[in-house]
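The structure presented is a predicted model; accordingly, all values stated were derived computationally and were not measured.
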Amino acid sequence: MGIEFLSRGGKKCFFIDMDSNANRVIKQNLEKTKLKEQAEVYKTDVIKAIKKLGSRQLKFDFVFMDPPYGKLFVVSSLEQLIEDNIIKTGCIVIVEHSSDEKLPSSINKLHVLDCRKYGNTFVTFYEMKEENNDCSISR
């Protein structure tokens with residue numbers, strides 16, 4: 001998915017996977033497509049990677065997540081994206097997950113835009129909204 005994003009004009013893509021074989025294939029495909037300079041590949045868990053990217057003060061417009069099914073990584077990963085402040089207002093977060101994993105309609109400033117079912121797979125789209133700045137005066 002990331003290579004497709006880059007091939008269609010994306011400026012930079014960060015690939016995160018714990019599996020050595022997956023990382024090797026990603027790197028090989030980046031070489032073959034001549035997109036290596038536009039990518040960074042991390043062999044680590046997603047929480048550590050988000051923290052590292054946050055320490056670099058990076059801000060993302062799009063995030064695509066496809067965590068292993070049944071591990072319940074989605075909500076903690078979404079919370080970490082917010083905690084480390086790496087997603088911009090208006091950012092779209094696309095999460096592929098099992099139909100068995102029910103996701104909340106909102107997490108802090110992330111709100112579901114759409115959810116689509118493909119067999120036993122769901123794809124849920126979140127959008128990062130601005131905080132509500134309304135003032136109310138109690139009398």
Side-chain angles (χ1 to χ4, degrees):
M1 193 64 82
I3 290 173
E4 182 71 19
F5 170 76
L6 291 172
S7 72
R8 293 179 181 258
K11 290 184 175 52
K12 186 86 171 179
C13 191
F14 298 81
F15 297 85
I16 302 163
D17 203 305
M18 288 283 296
D19 186 76
S20 296
N21 290 328
N23 280 304
R24 182 181 44 77
V25 170
I26 291 167
K27 289 176 181 177
Q28 287 173 347
N29 289 334
L30 287 166
E31 286 281 344
K32 286 179 187 176
T33 56
K34 298 178 178 30
L35 296 168
K36 182 180 172 185
E37 297 304 314
Q38 294 169 256
E40 292 183 31
V41 182
Y42 291 87
K43 184 187 177 294
T44 187
D45 72 75
V46 70
I47 300 300
K48 287 179 184 174
I50 291 170
K51 288 178 184 227
K52 184 172 185 165
L53 296 171
S55 72
R56 291 172 56 189
Q57 299 180 352
L58 296 173
K59 296 274 194 174
F60 294 91
D61 295 307
F62 297 98
V63 174
F64 177 75
M65 296 171 46
D66 184 12
Y69 287 4
K71 301 289 185 179
L72 305 176
F73 291 145
V74 175
V75 173
S76 61
S77 299
L78 293 170
E79 290 171 340
Q80 197 67 48
L81 290 172
I82 295 165
E83 183 179 319
D84 282 291
N85 196 30
I86 68 169
I87 52 179
K88 296 178 181 178
T89 298
C91 175
I92 302 297
V93 180
I94 305 158
V95 183
E96 185 175 319
H97 59 97
S98 165
S99 59
D100 296 334
E101 190 170 3
K102 304 300 180 211
L103 300 183
S105 60
S106 65
I107 298 173
N108 197 327
K109 297 182 281 181
L110 275 173
H111 302 279
V112 170
L113 284 176
D114 193 8
C115 186
R116 299 177 189 182
K117 185 175 182 185
Y118 303 95
N120 291 329
T121 298
F122 276 107
V123 179
T124 301
F125 298 80
Y126 284 91
E127 181 179 14
M128 183 69 157
K129 303 277 189 175
E130 288 187 38
E131 289 189 74
N132 185 354
N133 293 326
D134 293 344
C135 293
S136 59
I137 301 172
S138 59
R139 296 183 198 250

Could you tell me which residues satisfy side-chain hydrogen bond (donor to acceptor under 3.5 Å, both in side chains) with E4, sequence neighbours excluded, listed by chain and number? R8
Roughly how far apart are I82 CD1 and N108 CG, rounded to 0.5 Å? 4.5 Å
Return the minimal non-hydrogen interatomic distance between G90 and E127, and the atom names on each side. CA-OE2, 3.9 Å
Student check: side-chain heavy atoms of M65 and L78 closer than 4.5 Å: yes
I'd like to know if the side chain of N23 reaches the main chain of D17, judged simply by a donor and an acceptor atom lying under 3.5 Å from each other, with no hydrogens or angles considered. yes
Tell me whether L81 is reachable from I94 by hopping between hydrophobic residues (I, L, V, M, F, W, Y) whose side-chain heavy atoms are closer than 4.5 Å. no
Go through D84 and K51 one step at a time and tell me if the salt bridge (charged side-chain N to carboxylate O under 4.0 Å, His left out) criterion holds. CA-CA 6 Å; D84 282 291; K51 288 178 184 227; 5.6 Å; no
Are V123 and V63 co-members of a hydrophobic cluster defined by side-chain heavy atoms under 4.5 Å apart? no
Hey, does Q28 have a side-chain heavy atom less than 4.5 Å from the side chain of E31? no
Scan for ring pair (Phe, Tyr, Trp, His ring centres under 6.0 Å) pairs involving residues 30-80, sequence neighbours excluded, and state none if there are none. F14-F60
Quick check: closest heavy atoms across I47 and S77, and the distance to 0.1 Å? CD1-CA, 4.0 Å
Tell me whether K109 contacts the main-chain N or O of S106 through its side chain, where contact means a donor paired with an acceptor under 3.5 Å. no
Same cluster (ILVMFWY, side-chain, under 4.5 Å), V93 and F122: no
For the residue pair I92 and L113, establish whether any side-chain heavy-atom pair is separated by less than 4.5 Å. yes
Connected via hydrophobic side-chain network under 4.5 Å: L58 and I50: yes
Quick one: does I107's side chain get under 4.5 Å of E79's, heavy atoms only? yes
Any side-chain heavy-atom pair from M1 and D66 closer than 4.5 angstrom? no
Indicate the atoms forming the closest heavy-atom contact of I87 with M128, along with that distance. CD1-SD, 3.9 Å
N85: which residues meet the side-chain hydrogen bond (donor to acceptor under 3.5 Å, both in side chains) condition with it, sequence neighbours left out? K59
Tightest non-hydrogen contact, residues T89 and K129, listed as CG2-C, 4.2 Å
Heavy-atom closest pair, residues H97 and T124: NE2-OG1, 2.7 Å
Nearest heavy-atom neighbours spanning T44 and M18: C-SD, 3.0 Å
Considering only heavy atoms from C-beta outward, does the side chain of C13 approach that of Q38 to under 4.5 Å? no
